[in-house]
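Computation of the quantities below employed the complete heavy-atom set of this structure, encompassing side-chain atoms and omitting hydrogens, waters and symmetry-equivalent molecules. We count ligands from 1, going down the list as the structure has it; atoms in each ligand are counted the same way.
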Amino acid sequence: MSDPRYDVIVVGAGNAALCAAIAAREAGARVLVLEKASEAERGGNSYFTAGGFRFVHSGLDDVRKDVLVDMADAEAAKIVFPGHDRQYFYETLMEVTHGQSDETLAGILIDNSRPTIAWLRKNGVRFIPMYGRQSFEVEGKHHFYGGVTIEAVGGGAGLVEFLLKRCGEVGIEIRYGAGAARLLQNREGRVTGVTVRSQTGYEDIAAKAVVLACGGFESNPEMRVRYLGQGWDLARVRGTRHNTGDGIRMALDIGAVPFGNWSGCHSVAWDISAPPFGDRWVLDNFQKHSYPLGIMVNIEGKRFVDEGEHYRNLTYVKFGKAIMGQPQRWAAQIFDQQTVHRLRDEYRIKQVTRVEAGTIEGLAEKLEIDPKALATTVAAYNGACKPGNYNPAILDGVAATGISPPKSNWALPIDKPPFVAFVVTTGVTFTFGGLKIDEKGGVQDLSDRTIPGLFAAGELVGGLFYENYPGGTGLMSGSVFGKRAGTYASEYARGLNAPAQ
Ligand SMILES: Cc1cc2nc3c(=O)[nH]c(=O)nc-3n(C[C@H](O)[C@H](O)[C@H](O)COP(=O)(O)OP(=O)(O)OC[C@H]3O[C@@H](n4cnc5c(N)ncnc54)[C@H](O)[C@@H]3O)c2cc1C
């Protein structure tokens, strides 16, 4: 092979790609990052996130060592920050995916989560506890819950800025407005670069290895219908409009094997007024994640999920799909004065679809649903609520039973007016199906062989998430698999790691 200008081309400039680029550079590679979006739209879905990470740790003292290094003792004294061990991470992932998550990928993700968070910190990403969204104040202390306890300073936008800053410091070249269109391959089947499309047309750029980290197909309505099913073309997209499945398609075109849950995706309750794609100012605040504190009804005034089935982090994704299955993809979340003060920040933005009324019938009229139907639902629910020790920071077992569906936790009657409702639809976050990788991030072909020179990381890798997803795992998986793909791509490019054929 003649010596190309770059050892490694990384396709995409979201979290997974930037981690891959930094790791490849650390391992000695000359790296080019190609990003389809313009500089003004940079950061991919990662930009739109809260920047929350799920990782293995043994509690606050452990995390303060090399992650929350800026935290003062006075702040630490006011926090109850439960550990998150390997077994708990594994069981959570397997519980929500019904045991379908690929054992090898799950093991790599979990075992590398702790060192990778420290690596991010070492590379300049700063973190803070996720006070606003993952803690409740109980008796003067912030109790963290649900397994996602830290976020990047500045959320996803902050995360992307930190990573881009690091790329600049270590000399990584980034081209914006440069979308990879096709993979180049030689007669031995080795990937030798990419064809790029920019404003000036097409250009072939050679490299010894390519890392695909350019997202799933959530922003491609044709692929959504083809793989997720009828109606998904109508879902709103929560993040970037640029994740149109290009990386997956390019790899399939040269014989990569499809892997994972192609009919599944991450989707959530999303304000019905939200635009078709993510808004770079509102970010993830169109989401409405406080439904465990109230009830959710469809346009017929009927409940359709157990809002208190588990912590929000473990149900919000499958409930996005449940809303998709309701008439007109419409739902209303209803709260009363006992809980409305506990709603997350995202309920207080000005772009919110909110109605309020002194009676349930009045609320129904404002929601344009049948007042009798809603009053019947609320009365049945209130009558089913059993007394108990209400505590929103734990699975408190305060349940509404004898109705269908039940509410398994946090079931307070909705009887303290004024009543407040928020109208939501489904917002799609990212797709679960994608490419199959080996332990080094090498993309697998239809004969279960590694395609030489081709690596992948992030959303476009299949096999980790099936049907549901534990919150905070997307960024962690992007970082873990991105870092690994970058390192191995660099080693491969430097001739240290030719894959067995
Ligand atoms: C609103 C929202 C909130 C979220 N909150 C969280 C959270 O708090 N915690 C968490 O863990 N996860 C969260 N997620 C999920 C998380 O965003 C993803 O799991 C993760 O960011 C995916 O990273 P990625 O690098 O694979 O993809 P992305 O960050 O989407 O990056 C892909 C990049 O590839 C580029 N691209 C696409 N096609 C091409 C092409 N042909 N050539 C070149 N470039 C291309 C895109 O423009 C994009 O910049 C959230 C997602 C959204 C949308």
Side-chain angles (χ1 to χ4, degrees), residues 9-21 33-39 41-55 113 130 133-134 148 150-152 155-157 159-160 163 174-183 194-198 210-220 236-250 265-268 270 274 277-280 282-287 289 313 316-317 346 427-432 434 456-461 464-465 469-479 481-482 485:
I9 288 179
V10 178
V11 181
N15 172 56
L18 296 175
C19 288
V33 173
L34 297 172
E35 169 54 56
K36 182 165 75 169
S38 67
E39 190 165 358
E41 283 188 282
R42 68 188 182 182
N45 267 355
S46 305
Y47 177 92
F48 292 87
T49 70
F53 282 78
R54 179 183 292 268
F55 63 103
S113 63
M130 221 171 178
R133 292 176 167 188
Q134 289 295 145
V148 188
I150 66 161
E151 62 189 353
L159 171 70
V160 168
L163 293 173
I174 303 181
R175 283 197 210 167
Y176 294 100
R182 201 164 65 83
L183 292 164
V194 295
T195 301
V196 183
R197 182 160 190 229
S198 63
V210 173
V211 179
L212 294 173
C214 49
F217 58 84
E218 62 274 4
S219 304
N220 183 330
R236 313 289 161 82
V237 176
R238 299 177 66 209
T240 178
R241 65 195 171 97
H242 295 290
N243 288 355
T244 45
D246 307 358
I248 296 175
R249 181 188 45 73
M250 282 184 274
C265 71
H266 182 303
S267 64
V268 308
W270 194 241
F277 295 102
D279 178 305
R280 290 179 79 83
V282 179
L283 298 171
D284 66 355
N285 288 303
F286 287 120
Q287 70 201 8
H289 283 350
N313 295 355
Y316 73 119
V317 167
E346 67 224 21
V428 59
T429 318
F430 68 92
T431 44
F432 290 159
E459 275 178 8
L460 52 61
V461 170
L464 259 182
F465 309 123
Y469 156 102
T473 318
L475 289 175
M476 195 68 259
S477 112
S479 295
F481 291 101

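In terms of polar-atom proximity, G52 is counted as a contact of ligand 1, with an N or O under 3.5 Å from an N or O of the ligand. Remark: ligand 1 and D284 share no N or O pair separated by less than 3.5 Å (distance only, no angle test). For L460, no nitrogen or oxygen atom sits less than 3.5 Å from a nitrogen or oxygen atom of ligand 1, counting backbone and side chain alike. Between W270 and ligand 1, no pair of N/O atoms sits closer than 3.5 Å. Where the criterion is an N or O separation shorter than 3.5 Å, residue side chain and backbone included, G239 fails it with respect to ligand 1. Distances between N or O atoms of F48 and those of ligand 1 include no value under 3.5 Å. Geometrically, ligand 1 and R238 share no nitrogen or oxygen pair separated by less than 3.5 Å. Below 3.5 Å of separation, one finds no N or O of Q287 facing any N or O of ligand 1. Of the polar atoms of N45, at least one N or O is found under 3.5 Å from an N or O of ligand 1, judged by distance alone.
For F217, the ring pair (Phe, Tyr, Trp, His ring centres under 6.0 Å) partners two or more places apart in sequence, or in a different chain, are Y227, W262. The salt bridge (charged side-chain N to carboxylate O under 4.0 Å, His left out) test applied to R280 returns no partner, not counting sequence neighbours.
Among all non-hydrogen protein atoms, the one lying nearest atom 19 (O) of ligand 1 is G474 CA, 3.3 Å. The closest protein non-hydrogen atom to atom 36 (N) of ligand 1 is C214 CB, 3.5 Å. The nearest heavy-atom contact from the protein to atom 51 (C) of ligand 1 is T429 CG2, 3.1 Å. Given atom 12 (N) of ligand 1, the protein heavy atom at minimum distance is Y469 OH, 3.5 Å. Remark: minimum distance from atom 10 (C) of ligand 1 to any protein heavy atom is reached at L475 CG, 3.4 Å. Closest protein heavy atom to atom 18 (C) of ligand 1: E459 OE2, 3.6 Å. The closest protein non-hydrogen atom to atom 3 (C) of ligand 1 is T49 CA, 3.5 Å. Nearest to atom 42 (N) of ligand 1 among the protein's heavy atoms is A180 N, 2.9 Å.
Proximity to G43 (heavy-atom distance under 4.0 Å) selects the following atoms of ligand 1: 29 (O).
A donor-acceptor contact shorter than 3.5 Å is absent between the side chain of N313 and the backbone of G472. Using modelled atom types, one side-chain atom of E346 and one backbone atom of H289 make a donor-acceptor pair closer than 3.5 Å. Not a single donor-acceptor pair under 3.5 Å links the side chain of Y469 to the backbone N or O of F432. A donor-acceptor contact shorter than 3.5 Å links the side chain of S219 to the backbone of T240.
Contact annotation for T473 and ligand 1: only backbone heavy atoms (N, CA, C, O) come within less than 4.0 Å of the ligand. Residue-level proximity to ligand 1 for A181 is absent, since no heavy atom of it falls below 4.0 angstrom. Of the heavy atoms in F277, none comes closer than 4.0 Å to ligand 1. Only side-chain heavy atoms of F430 come within less than 4.0 Å of ligand 1; its backbone N, CA, C and O stay farther off.
Comment: R241 engages E41 in a salt bridge, judged by a side-chain N to carboxylate O separation of less than 4.0 angstrom.
With G155, G14, G12 as candidates, the residue nearest to atom 31 (O) of ligand 1 on a non-hydrogen basis is G14. Between the choices A456, S46, S477, G458, the shortest heavy-atom distance to atom 23 (O) of ligand 1 belongs to S46. Considering M250, E35, R182 only, the shortest heavy-atom separation from atom 49 (O) of ligand 1 involves E35.
Note: E35 CD to H242 NE2 = 7.0 Å, rounded to the nearest 0.5 Å. Atoms CZ and CZ, on R238 and F286 in that order, are 11.5 Å from each other to the nearest 0.5 Å. Going from atom CD1 of I9 over to atom CG of L212 covers 10.5 Å, rounded to the nearest 0.5 Å. Here D284 contributes atom CG and W270 contributes atom CH2; the two are 6.5 Å apart, rounded to the nearest 0.5 Å. Taking CZ of F53 as the start and CG of L475 as the end, the distance is 4.5 Å to the nearest 0.5 Å.
Side-chain contact between F465 and P470 is present, with heavy atoms from C-beta onward closer than 4.5 Å.
Applying the side chain to side chain contact (heavy atoms under 4.5 Å, CB included) test between V210 and each of V10, V11, L34 identifies V11 as the sole match. Across I248, T431, N243, a single residue satisfies side chain to side chain contact (heavy atoms under 4.5 Å, CB included) together with E459, and that is N243.
The closest approach between G51 and ligand 1 falls below 4.0 Å for a heavy atom of the residue. Under the 4.0 angstrom criterion for non-hydrogen atoms, Y176 is not in contact with ligand 1.
In this structure, R175 places its CZ atom where more than 12 heavy-atom neighbours from other residues, nucleotides or ligands lie under 6.0 Å away.
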